[in-house]
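All remarks here apply to the structure that follows.
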Protein chains: 2
Amino acid sequence: MVPLGEAAKAIQTGMARRELVLVVGRCKVSYEGRAASKLSEGDRLLIIKHDGTFLVHQSAKMSAINYQGPGAFVSCELALDPNDRKKREPVAIVLSAKRKLANGAVEQIVVRFTEILYAGAYGLKDDSHLKLFGTEKELADLLMSDLHLIEPGMVPLKQESDVRKGTIDILARDAAGNTVVIEVKRRIAGLEAVTQLERYVKELSQRRGSKIRGILCAPDVTASALKMLEESGGLEFAKLDYEIANPSAKIRGLQKKQKIITEYFG
Amino acid sequence: MVPLGEAAKAIQTGMARRELVLVVGRCKVSYEGRAASKLSEGDRLLIIKHDGTFLVHQSAKMSAINYQGPGAFVSCELALDPNDRKKREPVAIVLSAKRKLANGAVEQIVVRFTEILYAGAYGLKDDSHLKLFGTEKELADLLMSDLHLIEPGMVPLKQESDVRKGTIDILARDAAGNTVVIEVKRRIAGLEAVTQLERYVKELSQRRGSKIRGILCAPDVTASALKMLEESGGLEFAKLDYEIANPSAKIRGLQKKQKIITEYFG
DNA sequence: GCGATCAGCGGCACG
DNA sequence: CGTGCCGTTGATCGC
């Protein structure tokens, strides 16, 4: 247990130096802004970063239970007992993070600590940026030169093509000269991947007169998404098999799912 | 600067007691699993929770730069200098979190600390659950009894109605007896809100023979989403005006956007 | 700045 | 368990 006055000093000093501030202790949290929330007493970890990031973590789960993003204005003050002001004995440390939203409204989170288990601050030196492999973008990059695996004669036209209703991952042309819209997903594709593809194909079909093909390219597809593809009048699915060989990703295979032969005779 | 041996002891003791473990120091991070990543040397904060949650935070931004969710197996060991094993002088603390994915594959994150600024562990007592107000669900609850604000005679049928292609927020019937699908959004609705609504309306239209109305209900809608609504053949937009009066949300108004009169004469 | 989309999304609820 | 979808989503990138 750290005396409140001492903890407050550590916190304020750390904030003034724009260090990483850590506080562990018993607190209540309230938030009002885009939504509103209340969290009653309990032990938590508070993290304050130099950019205004303000995170309250409980003892389980990955996500912060309350937070404020970069750019928040953080304040820290001691609360005195209102019934006994002469003693000047602090009863709590009140920390708050306030932030202006895009629409001008304000949101604020207030944390009131009544017991402190730990308070410290550290200046972190870190210039490194994460190098991440296996993103959708990286897969699309690789696919650009592997479209022939989907179908002989398929050639890339453009990557990240902006249309009015979004951004087409890959625009291509097949052997017959048809324009092909390819939507890439790095994981199992669901309904919304299909609606996305549908949207792009529809927009392009309307803009040009000709028929546009659409191919969803993902490691797998949910049953209902596949059904929706089929019902959508000709949208196709290509199974994407990739491997993440740190530090890079590699496409192992890519093949269009063919209708089972029995379907043709069914 | 904390000696590595001492820090390792604090970390291991905290882990054994299933406490919240905090480590601040200079480290490298690598990850391989659903994706892969490398993060070169820098000062960071590592958080280990009793449920296996494992978070590496940099000095800025809200999100952890590397992480492992609840259920991960965490280990901590001292690394000795391979060229000088007799001295048994540790050169690093290596922490790792390993986790099995749903498909059976394994993913792992490894953090190698070479300098420790701080290492500590705390048992947190916390039984409280966040009470959150102003969620979409709460708005939908309120809307169920306020549908007449959209249109006289509109009555609710069912909330959270599962169909094959997703979940319809609100199913209602208008004065003329038409079925109405209402999609609720707590913030500005974009293209994907429209595609969602479109999907539900289409499915219901096909299943029943009759025409189904669709209304997107949100505080606002982007220009392109509104355009898509109009092009989608009769989908409508109702402006939802709500207030979050902690601890609750309240609907202030709800009105269907009428086409500007000049449009009829344009 | 708005807008659309991805994310190792996480988390939840329901089948 | 998968599947869908919300989230105070956050973060990025293009207009």
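Within every chain, numbering begins at 1; the chains are lettered A, B, ... in the order of the sequence lines, protein sequences first and strands thereafter.
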So what does [X] touch, heavy atoms closer than 4.0 Å: a base, only the sugar-phosphate, or nothing?
| X | value |
| --- | --- |
| G33(B) | nothing |
| E183(A) | sugar-phosphate |
| L139(B) | nothing |
| A102(B) | sugar-phosphate |
| E107(A) | base |
| T135(A) | sugar-phosphate |

key: Nearest-nucleotide 5' precedence on DNA chain C, A35(B) against R199(A)   =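 Going by which nucleotide is closer to the 5' end, it is R199(A).
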key: 5′-ward residue of the pair P70(B)/Y31(B) relative to DNA chain C   =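 The 5'-side residue here is Y31(B).
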inquiry  = Please report the distance separating the P of dT8(D) from the corresponding atom of dG4(D), rounded so that it comes out in whole Å.
reply    =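 Rounded to whole Å, the distance is 22 Å.
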key: dG8(C) and dG14(D), which share atom name C1', separated by this distance in whole Å   =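 The same atom, C1', in both gives a distance of 24 Å.
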Between [X] and [N], is there a side-chain N or O to OP1/OP2 distance below 4.0 Å?
| X | N | value |
| --- | --- | --- |
| S63(B) | dA11(D) | yes |
| K61(A) | dC12(C) | yes |
| R186(A) | dC9(C) | yes |
| Q196(B) | dG4(D) | no |
| R34(B) | dC6(C) | no |
| K185(A) | dC6(C) | yes |
| S224(A) | dG4(D) | yes |

request  = Kindly indicate whether the side chain of Q68(B) and the base of dG8(C) share any N or O donor-acceptor pair separated by less than 3.5 Å?
outcome  = yes
ask   = Does a distance-only test, which skips hydrogens and angles, find a donor-acceptor pair under 3.5 Å between the side chain of N66(B) and the base of dG8(C)?
value = yes
Let's see if you can work this out: which of [options] has an atom nearest to the side-chain heavy atoms of [X]?
| X | options | answer |
| --- | --- | --- |
| Y200(B) | dC5(D), dT3(D), dG3(C) | dC5(D) |
| Y67(A) | dG10(D), dC14(C), dG11(C) | dG10(D) |
| M62(B) | dG10(D), dT8(D), dC6(D) | dG10(D) |

Rounded distance (Å) that lies between atom [atom2] of [N] and atom [atom1] of [X]:
| X | N | atom1 | atom2 | result |
| --- | --- | --- | --- | --- |
| R187(B) | dG7(D) | CZ | P | 8 Å |
| K38(A) | dT8(D) | NZ | P | 16 Å |
| D51(B) | dG11(C) | CG | C1' | 13 Å |
| I188(A) | dC9(C) | CD1 | P | 11 Å |
| E136(A) | dT5(C) | CD | P | 11 Å |
| D220(B) | dG3(C) | CG | C1' | 13 Å |
| K165(B) | dG15(C) | NZ | C1' | 17 Å |
| D169(B) | dC5(D) | CG | C1' | 9 Å |

ask   = Starting at the 5' end of DNA chain D and moving along, which residue's nearest nucleotide shows up first, E160(A) or V221(A)?
value =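 The residue closer to the strand's 5' end, by nearest nucleotide, is V221(A).
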inquiry  = Let me spell it out: for each of R99(A) and A223(A), pick the nucleotide of DNA chain D with the closest heavy atom. Which residue's pick is nearer the 5' end?
reply    =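 First, find each residue's nearest nucleotide; the 5'-ward one identifies A223(A).
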Run the salt-bridge test on [X] and [Y] with the 4.0 Å N-O cut-off and return the result as yes or no.
| X | Y | answer |
| --- | --- | --- |
| E136(B) | R186(B) | no |
| E160(B) | K158(B) | no |
| K61(A) | D51(B) | no |
| E236(B) | K256(B) | yes |

key: Shortest non-hydrogen contact between L216(B) and A189(B), atoms and distance   =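 Result for this residue pair: CD2-CB, 3.6 Å.
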key: Residue of the set R164(A), K165(A), Q196(A) for which side-chain contact (heavy atoms from CB on, under 4.5 Å) holds with L191(B)   =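 With L191(B) as partner, side-chain contact (heavy atoms from CB on, under 4.5 Å) holds for just one option, K165(A).
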task = Starting from the C-alpha separation in whole Å, work towards a yes-or-no answer on side chain to side chain donor-acceptor pair (under 3.5 Å) for D169(A) and Q159(A).
result = CA-CA 6 Å; D169(A) 284 338; Q159(A) 199 176 344; over 6 Å; no
